[in-house]
Amino acid sequence: MLVQRALRATGFGRRDAIRFAVSLTVLVGVLTAILGADFLPTRVSLAVGDIAAADIRAPRALDFASQLETEQARQAARTAVPPQYDYTTGKGAAVANQAAQALASRAAPVDAAFGADIKPEERQALLEAAIPGLDKDDAATLLSLGADRWKTIKDEAARVLDLVERAELKDSEVAQVRAGLEGRMSAALTPDERSLATALISPLVTPNSSFSPSLTAQQAEKAAEAVEPIHEQIAQGEAIVHSGDKITALDFEKIQAFGLDEARPDFVRLAGWFVLADLLIGLLLGWLWRFRPRLWHRNNVLLLVGFLLVFGTFALKVTAGRAGLPFIVPAAAVPILVAILLDGGVALVLATVLALVGGAVNSSSLEIASYIMLGGIAGTLAIRKGDRIHNFVEAGVAVAIVNALVVTTFSLLGERDLRGVLELWVASAAAAGGAAVAAVGSFAVLGNLFGITTVFQLLELANPSQPLLRRLLLETPGTYHHALMVGNLAERAAESIGADPLLARVAAYYHDIGKLSNPSAFIENQAGIENVHEQLSPDESAQLLKSHISEGIDLAYAEHLPKSLIAFIPQHHGTALMSFFYAKAREEAAAPYGGLETAAGAAAADAVDQRRYRHIGPKPQTREAAIIMLADGVEASVRSLASRDEVAIRAMVGRIIDERLTDGQFDECDITLRDIERIRESFIAQLLGMYHQRIAYPQNKIVELESRRAAGGGTVG
């Protein structure tokens, strides 16, 4: 089959489980330690009234209900409650009735004086004694009245007294009400009559509402209970107390809320970080196993991903909660580096993981999470191969633009002023520039450290002045030329199917370095000398050819070539059959029995062990390795053609490709039939360009004939 089995042939095996468990344990432990760095805060040995010797800052974001401020607010609510009185409508009616009875008793002597049939002198005497306490003017008004007018005044006085006593009349308001009685009298009375009516009821005005301590206390408690707890919201890194300030009761309450006075472990918060780390690392590893199986099985890849994730988490944690600092962290450097060293998919996943970490450590900030994730995506999209400095500049510009747009968006949605936006734009540019500089300055170092081949390494290895390439040129010129031709074919084929053309070219240069150990054993290096294989048995020849694989691997390790290139040396032959020597061995085995045409000869030929004439392998594991295998076979076969016209080249390319397909050499790599067809056409186009026909100039023909005559000692006819 041509396509790698779904994404893997087997399920989650024992080795996968061990790899997953070890990676998860280590990374979760490290991330939890970083994220939970404030698990055991430093104890603050201070009390209220002490002077802080240094800034005391919040180790994390916290929202807590302040008992001190809440109690102060409740006490203020109690104090604001006005005095409460015991007035009720029933009590007002009862006092009004009592006042009416008192008025009737007070007016009774006057009624009797007007009702008696006595002399005027006697009536005057009775009226003067009827209402005690009247001043001279009111007494004169009373004496001047008739019975009817007196009744009018008395009724009006009774009406006003009833109104006053039925409404709430606090004991503190009696004097004020008495002073206003005359103004409540009917305008039908004369001023003197209103004054008399006021004097009549003024002594009878009594309070019907008294201050109640119990009611006042009840209302005060209700007002206090209605006050909601006051919450203090403290950001991570915010100064609770500045150096040199005196610690207030509120400051000390904040210190206690964080447990800084006791330095007690915050197990709940630590558990939260542990669960978050578990989720992020578990899903990241699961994604690698499911979608990047080739990377999943490489320890150096897991180490690189873990290192970058830990480093990014540490940077985000250190700057968390400090105004503006999270926006300056060059977090986009991590996905940019991963995109260059591994691939874009892993970079995008890692950018998402770091964004979630950044948001979590900054008080669950959606803005910071969006800032990190979208900036990382922009850098990943812009960096491409990273084989030129301007690629990093473009990535930095893309990150800066996206970061600025993110902070602008959240500023428009929030309450940030223009100055704040401008400051964050500067921070966005600084973070983007830092990410680009960090990536360009470290990706080669990280590649060497973790054994990952970088573009710059490949470009350096492609330089003809490299020692191994110089040795190939000088000691095995035929192999050197073959390697160059294979490199040309492989590069173009890789471009046609979206594989890595630079890797394919450089791998082609070094795939046959094992031939340096015995150059004359290979036909391309035997110019003018006897073919050693004519003196060897087929089995010996096969073993000699096989040896260039092991010799090449040993030489590659000795010269410290990247492992990614060394892998091409055994894979470029896979487990292919050395058909020439296998056929020769069959013929020799059948010869004593009359050849392959006889039954005995055929049986003897079939007894030849085909495995001894196959390369050890493994089969190609990548598309680039498959391309090298095909380019190697195609170049050597086309070179052997007597006629290199299009028909012959197309037929030979098709035969080589069909042989490899039929032999199952591509069963273990991710290559499709469509890829195979594109490789076929690219080979044909490249070979036609390399072996194009030229015009047969007459002078060239004369030179050819003369050279043949000299070589043959006669004429050529």
Side-chain angles (χ1 to χ4, degrees), residues 30-31 33-38 57-61 235-238 273 276-277 280 284 304-340 347-380 382-383 392-393 395-411 416 420-443 446:
V30 175
L31 255 64
I34 294 173
L35 296 173
D38 53 356
R57 296 189 176 274
R60 62 183 181 278
Q236 182 178 2
E238 180 181 341
W273 290 128
L276 177 64
L280 296 179
L284 173 61
L304 174 64
V305 171
F307 171 79
L308 291 175
L309 179 59
V310 168
F311 183 80
T313 300
F314 177 77
L316 292 171
K317 177 66 176 180
V318 168
T319 58
R322 290 168 172 80
L325 279 183
F327 293 93
I328 303 178
V329 177
V334 172
I336 288 174
L337 285 168
V338 173
I340 297 171
L348 295 179
V349 173
L350 206 56
T352 303
V353 172
L354 280 179
L356 294 174
V357 171
V361 298
N362 285 281
S363 304
S364 302
S365 172
L366 177 61
E367 181 177 13
I368 294 295
S370 303
Y371 183 89
I372 296 171
M373 183 176 70
L374 297 180
I377 292 174
T380 301
I383 192 60
F392 294 90
V393 175
V397 171
V399 173
I401 292 173
V402 170
N403 284 353
L405 290 175
V406 170
V407 298
T408 301
T409 299
F410 281 89
S411 298
R416 192 174 289 139
V421 175
L422 293 176
E423 289 176 348
L424 290 182
W425 282 356
V426 174
S428 300
V437 171
V440 75
S442 62
F443 87 95
L446 290 175

* To do: Answer whether the closest heavy-atom distance between the side chains of I372 and L316 falls below 4.5 Å.
  => yes
* Structure fact -> Tightest non-hydrogen contact, residues A400 and A432, listed as N-CB, 3.3 Å
* Check A333 against A435 and note the closest heavy-atom contact, atom names and distance. => N-CB, 3.5 Å
* **Pairs satisfying salt bridge (charged side-chain N to carboxylate O under 4.0 Å, His left out), at least one member in residues 354-363, at least two apart** => none
* Please report the closest heavy-atom contact between A427 and I328, naming both atoms and the distance. => CB-CG1, 3.8 Å
Result block: side-chain N/O donor-acceptor pairs under 3.5 angstrom for residues 349-364, not counting sequence neighbours:
unit_1	atom_1	unit_2	atom_2	d
T352	OG1	L348	O	3.0
N362	OD1	G321	N	3.1
N362	ND2	G358	O	2.8

* Asked: So which heavy atom on G379 is nearest to which on A395, and how close?
  -> O-CB, 4.0 Å
* Asked: Taking only residues two or more places apart in sequence or in another chain, which ones pass side-chain hydrogen bond (donor to acceptor under 3.5 Å, both in side chains) with T408?
  -> W425
* Partner of L374 under side-chain contact (heavy atoms from CB on, under 4.5 Å), chosen from V399, T409, N403, V406 -> V406
* Scan residues 396-407 for pairs that pass salt bridge (charged side-chain N to carboxylate O under 4.0 Å, His left out), counting only residues two or more places apart or in two chains. => none
* Asked: Roughly how far, to the nearest 0.5 Å, is CG of L366 from CE of M373?
  -> 8.5 Å
* Structure fact -> Taking every heavy atom of A339 against every heavy atom of A347, the minimum-distance pair comes out as N-CB, 3.7 Å
* **Sequence-distant partners of F307, ring-ring contact (aromatic ring centres under 6.0 Å, His included), two or more places apart** => F450
* Does any non-hydrogen side-chain atom of L308 lie less than 4.5 Å from one of F311? -> no
* **Worked verdict on V437 versus F392 for side-chain contact (heavy atoms from CB on, under 4.5 Å)** => CA-CA 8 Å; V437 171; F392 294 90; over 6 Å; no
* Straight-line distance of F443 CZ to L337 CG, nearest 0.5 Å -> 9.0 Å
* Can you find a heavy atom in the side chain of L405 that is under 4.5 Å from one in the side chain of I401? -> yes
* Nearest heavy-atom pair of L424 and E367: which atoms, and what distance? -> CD1-OE2, 4.4 Å
* To do: Mind checking salt bridge (charged side-chain N to carboxylate O under 4.0 Å, His left out) for E423 and listing every partner two or more places apart, or none if nothing turns up?
  => R419
* Are any non-hydrogen side-chain atoms of I377 and V402 less than 4.5 angstrom apart? -> no
* To do: Decide yes or no on side-chain contact (heavy atoms from CB on, under 4.5 Å) for Y371 and V329, but give the supporting numbers first.
  => CA-CA 11 Å; Y371 183 89; V329 177; over 6 Å; no
* Structure fact -> Between the OG1 atom in T313 and the CD1 atom in I34, the distance rounded to the nearest 0.5 Å is 6.0 Å
